[in-house]
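Each residue takes its place number in the sequence, starting with 1.
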Amino acid sequence: MKLLIINPGSTSTKISVYEDEQMLCEDSIFHDAPELLKYPHVNDQVPFRKQVILDFMKQNGYSLHDMDVIVGRGGSAMPVKSGIIEINDLLYNDTKEAKGGSEHPAKLGVMLAYELSREGHQRAFTMDPTNVDELCDEARLTGIKGLYRNAQAHVLNQKAVARKHCELHDMDYEKCDLIVCHIDGGITVHAHHNGRMIDGNVGSGGDGAYTPTRIGSVPVLKLLDYIDEHGTQEVRTMCSRSGGFVSFFCTSNFKTVYDLVQQGDPKAVLVYNSMIYNICKEIGAMAAVLKGKVDGILLTGGLVIYDDLCDQIRERCGWISEIFVYPGELEQEALAKETLKALQGKRSIHTYDGVPPFAGFDFIEE
């Protein structure tokens, strides 16, 4: 069985072709922020990214009709439970309309998988999208009645890395406490307690450390002043596409900024070190969530190939727990292998119904 795996991110489109559990070909096509900002809305990127996928397949000697199944990374629909979901019309439409409230580029995985599957007559799936909701009750409330924190993270890679780590160290993911940090174009840091992501920053919602493309946490009154001057739409775009390094350097290319750091450029050094400083603050917060009982801090994502970045995190957070580094991502492998297991009857396939796991607290809403 051949599976086409589609994984759009804030700065790249990752594409793989698997035959059963064997990866036949794979590529990660980088898109600099100015290229993607040509498209006013995330949805407008669909034709561009679709052509990237078709070109990839053609270059590797495949056509759409050679594929048996299409799997896309997901997000932006209503919150869901963790697992494998078959993409139906409702999931596609809710994703397209961002019914879950977040315009994350991962949503394009569902949209592309759905549209390509209609053209090629295949089944389409997603797994552990960015809007998996496993938050503990204490993590949900804000200081505004009826306004709750939402769950939004690199769920797919965080859970895949956590499970891999537990396999390597003879641990049970559903019986341990981990802090997992996905550090790339987007950055999310989450507390995993007994197999559930109970708390963490909403990376694409203006929360946590700023990143190559995102603004991170900003004091609310400061942000309101900025909105008064620049408008709401600009800030919405900066939350996931044009903040962070793009705001400082007009590029989301981490290598470009890192080269400046290596040259001693004072602006680049401060921006870079401050990003890492804020990642460490998030790790400290998640250690408190886990009551200081942390079985490991796992660093993953494209940026942890940089030793000095990991060293700075060790210096500030190594006292909490041992730190383990898993460069890159396990997303493509997880999407392929876990979907294959589901098709073989070894995993459940969920049906998306648009009903979120959490709908508020009645005793607060009254």
Side-chain angles (χ1 to χ4, degrees), residues 5-14 36 42-43 45-46 49 71-85 87 91-92 94-114 124-135 139-140 148-162 180-192 196-209 211-216 236 239-241 243 282 300-302 329-332 334-335 338-339 350 352 354 356-358:
I5 312 299
I6 303 168
N7 183 351
S10 56
T11 57
S12 66
T13 304
K14 301 179 183 70
L36 296 181
V42 176
N43 292 357
Q45 297 177 26
V46 168
R49 301 240 195 185
V71 189
R73 184 181 174 210
S76 298
M78 295 300 287
V80 296
K81 296 179 180 179
S82 176
I84 295 169
I85 307 168
I87 302 173
L91 178 54
Y92 171 79
D94 281 5
T95 298
K96 186 175 183 179
E97 296 173 19
K99 285 289 183 70
S102 172
E103 288 288 358
H104 190 283
K107 70 183 290 192
L108 299 171
V110 163
M111 296 171 66
L112 290 162
Y114 177 90
F125 298 88
T126 190
M127 171 186 162
D128 285 346
T130 60
N131 54 332
V132 165
D133 186 349
E134 299 176 327
L135 295 178
R140 297 188 184 280
Y148 300 106
R149 291 178 59 82
N150 61 306
Q152 186 75 22
H154 297 91
V155 180
L156 178 61
N157 190 49
Q158 285 210 25
K159 282 184 172 286
V161 168
V180 187
C181 315
H182 179 105
I183 305 173
D184 210 323
I187 296 172
T188 52
V189 180
H190 277 65
H192 293 236
R196 296 173 62 84
M197 297 172 62
I198 63 170
D199 200 355
N201 68 302
V202 185
S204 62
D207 194 22
T211 83
T213 60
R214 301 175 182 174
I215 62 173
R236 285 186 178 276
C239 281
S240 61
R241 300 171 62 196
E282 294 298 312
T300 182
E329 299 169 349
L330 298 178
E331 293 177 342
Q332 304 299 94
L335 287 169
E338 297 306 313
T339 300
H350 302 314
Y352 176 81
F358 171 76

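- Side-chain contact between Arg214 and Ser204 is present, with heavy atoms from C-beta onward closer than 4.5 Å.
- For Ala191, the side-chain contact (heavy atoms from CB on, under 4.5 Å) partners are Ile198, Met286, Val289, Leu290, not counting sequence neighbours.
- Heavy atoms only, all atoms of each residue included: Asp128 and Ser82 are closest at OD1-OG, 2.6 Å.
- Remark: the Asn201 side chain and the Thr188 side chain contain no N/O donor-acceptor pair separated by less than 3.5 Å.
- Closest approach of Gly74 to Ala106, counting heavy atoms only: O-CB, 3.5 Å.
- For the side-chain contact (heavy atoms from CB on, under 4.5 Å) test, residues two or more places apart in sequence or in another chain that qualify with Ala77 are Leu91, Asp94, Thr95, Asn131, Tyr352.
- Take Glu134 and apply the salt bridge (Lys or Arg N to Asp or Glu O under 4.0 Å) test, not counting sequence neighbours, and it matches Lys159.
- In terms of the side-chain contact (heavy atoms from CB on, under 4.5 Å) criterion, residue partners of Asn150 (sequence neighbours excluded) are, by chain and number, Gln152, Val202.
- By the side-chain contact (heavy atoms from CB on, under 4.5 Å) test, Lys14 pairs with Asn7, Ser12, Ser28, Glu329, Gln332, sequence neighbours left out.
- Looking at every heavy atom in both residues, Asp184 comes nearest to Thr211 through O-CB, 4.3 Å.
- Between Val155 and His190, the closest side-chain pair of non-hydrogen atoms is not below 4.5 Å.
- Proximity of Ile85 to His350: side-chain heavy atoms (C-beta onward) are separated by under 4.5 Å at one or more points.
- Between Val161 and His192 there is no side-chain heavy-atom pair separated by less than 4.5 Å.
- Arg49 is linked by a side chain to side chain donor-acceptor pair (under 3.5 Å) to Thr13, Gln45, counting only residues two or more places apart in sequence or in another chain.
- Between His154 and Arg73 there is a side-chain heavy-atom pair separated by less than 4.5 Å.
- Contact annotation: the side chain of Asn43 approaches that of Met111 to within less than 4.5 Å [non-hydrogen atoms, C-beta and beyond].
- In this structure, the side chain of Arg149 engages the main chain of Gly200 through a donor-acceptor pair within 3.5 Å.
- Between Val180 and Val189 there is no side-chain heavy-atom pair separated by less than 4.5 Å.
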